Amino acid sequence: MLYRPYGKTDKSVSIIGFGGMRFLEEEFKEGNYDKCAELIMYARDKGINYFDTAPLYCGDQSEKIMGYAFKQMKKDFYVATKTSTHVTGDKTRDDVLRRIETSLSRLQVDHIDFMHLWCVLDYEMFKTYTRKGGIFEGFLEAKKRGLIQHIALSTHAGGEEIEKMLETNLFEGVLLGYNATNFAFREKGLEAAKRLKCAVVTMNPLGGGLIPQHEDFYDFLKKDEEDTVAKAAIRFNASHPEITVTLCGFESKSQVDEACLAVKDLKAITEEEKIQIKLHLSEALNNVCTGCGYCDGCPKGIAIPKLMDAYNQFILTERKDRIMSRINNHWQIEVPKGGAASCSACGKCEKVCTQKLPIIKRLGEIAAL
Ligand code: SF4
Ligand code: SF4
């Protein structure tokens, strides 16, 4: 395993990080965390020392699962978690402090190494959180009390907005979505982080499963016949010297092995290679749904992430019939119940969409089919 310094801090973190959002439900239901803990310890044995979690992940169990594993481990790893009004409903400085106390007790550690201001969707939201009297004051107070060591930004904004947020110098690291599909959208943010000596942790290297689901389309990422698209996509992120950690959401030991293999004999990506990859990607690929699920909870009961996943098929193949076959055969969504036509255009989903997708327009196109 290779290690990189986390920004200007004294911490050296593994270039592959453990994303704690994909534990298998059958392996943690009824509060038996042994199998999940085994996976966490396996990853640590493989050299992974950066563990990322959050409240609400895995039905709000992820922090507890991690804590269950951590109490059996030597404290030679780093833990990252998150909070914000937008996702966890913390509205005041004191709410944030209470949240951090809860995370500490769930994680069974005496401090959090990297605490994230979570899921900042745009600069307006950032300004609200960081204004005088805003929730960011809770982060500063927690740091003063030694409950957290470093404050990082977690964002789904575009590169230019990320640059503006980082230039405030409030953060030592940034967590952002970056992969072989959407990287052009956030390149500016990466450049800013490098200039400001801010650590960069990337999430979603497999595009929410989109990349391995389309082996043929992403074949160009592979370096040889024995390579897999999943490995190639992880390597793509890790091969950026300015990316400190590439988070992978692990479900099994074989996935841990695959990620570790992906970064064996790693070489830095060149500008020429990035240009070649861009040539394979059309502009449209900045507009795929990554399946993050933030738009879930439509008042009309529309299964937005599933329908947007179906629309991805059209973007990738330019065949509209693929949308309906995905809806009918893969997702088996009943139409009209939960179907696209019941959208009232209230705009709730578009406001939170991490990819800024025109969901209402796409639902209209799907309804017309
Ligand atoms: S705009 Fe349509 S799909 Fe989105 S939340 Fe409102 S009703 Fe649901
Ligand atoms: S539509 Fe947007 S918010 Fe919803 S799952 Fe896709 S990318 Fe995420």
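Atoms within each ligand, like the ligands themselves, are counted from 1 in listed order. Please read all numbers here as calculations on a predicted model, not as lab measurements.
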Student: Does atom CD of E251 have more than 12 heavy-atom neighbours, drawn from other residues, nucleotides or ligands, at distances under 6.0 Å?
Tutor: yes
Student: What atoms of ligand 1 come closer than 4.0 angstrom to any heavy atom of L363?
Tutor: 3 (S)
Student: Can you see which heavy atom on M1 is nearest to which on C260, and at what distance?
Tutor: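 Looks like CE-SG, 3.8 Å.
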Student: Heavy-atom contacts with P299 under 4.0 Å: which atoms of ligand 1 show up? List them by number with element.
Tutor: 5 (S)
Student: Using ring-ring contact (aromatic ring centres under 6.0 Å, His included) as the criterion, point out the one residue from F77, F51, Y78 that pairs with F18.
Tutor: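 Looking at F77, F51, Y78, the match for F18 under the ring-ring contact (aromatic ring centres under 6.0 Å, His included) is F51.
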Student: Could you pull out every protein residue that has a heavy atom closer than 4.0 Å to ligand 2, ordered by chain and then number?
Tutor: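 Lining ligand 2 at under 4.0 Å, by heavy atoms, one finds C289, T290, G291, C292, G293, C295, P305, M308, C353, T354, Q355, L357, I359.
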Student: Do K29 and Q61 have side-chain atoms, one donor and one acceptor, less than 3.5 Å apart?
Tutor: no
Student: Can you sort out which atoms of ligand 1 are near G347, meaning under 4.0 Å from one of its heavy atoms?
Tutor: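 Once the distances to G347 are compared, the set is 1 (S), 6 (Fe).
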Student: Can you give the donor-acceptor pairs under 3.5 Å from side chains of residues 262-271 to other protein atoms, not counting sequence neighbours?
Tutor:
residue : atom : partner : partner atom : Å
T270    : OG1  : E273    : N            : 3.0
T270    : OG1  : E273    : OE1          : 3.3
E271    : OE2  : K274    : NZ           : 3.4

Student: With atoms numbered from 1 as shown, which atoms in ligand 1 lie under 4.0 angstrom from a non-hydrogen atom of A345?
Tutor: 1 (S), 2 (Fe)
Student: Could you tell me which atoms of ligand 1, counted from 1 in the order shown, lie closer than 4.0 angstrom to a heavy atom of K300?
Tutor: 7 (S)
Student: Find all atoms of ligand 1 within a distance of less than 4.0 Å from any non-hydrogen atom belonging to I360, and give their numbers and elements.
Tutor: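 Reading through ligand 1 atom by atom, the close ones are 1 (S).
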Student: Does either side chain, that of Y68 or that of D34, offer a donor lying less than 3.5 Å from an acceptor on the other one?
Tutor: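 Result is yes, a qualifying pair exists.
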Student: We want to know whether T85 and D90 form a side-chain donor-acceptor pair, criterion being a heavy-atom distance below 3.5 angstrom.
Tutor: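 Side chains of T85 and D90: no pair found under 3.5 Å.
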Student: Can you list the atoms of ligand 1 that are under 4.0 Å from a heavy atom of S344?
Tutor: 2 (Fe), 7 (S)
Student: Between F126 and Y129, is the ring centroid distance below 6.0 Å?
Tutor: no
Student: For F114, which of F171, Y6, F139 qualifies under ring-ring contact (aromatic ring centres under 6.0 Å, His included)?
Tutor: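 When ring-ring contact (aromatic ring centres under 6.0 Å, His included) is applied between F114 and each of F171, Y6, F139, only Y6 qualifies.
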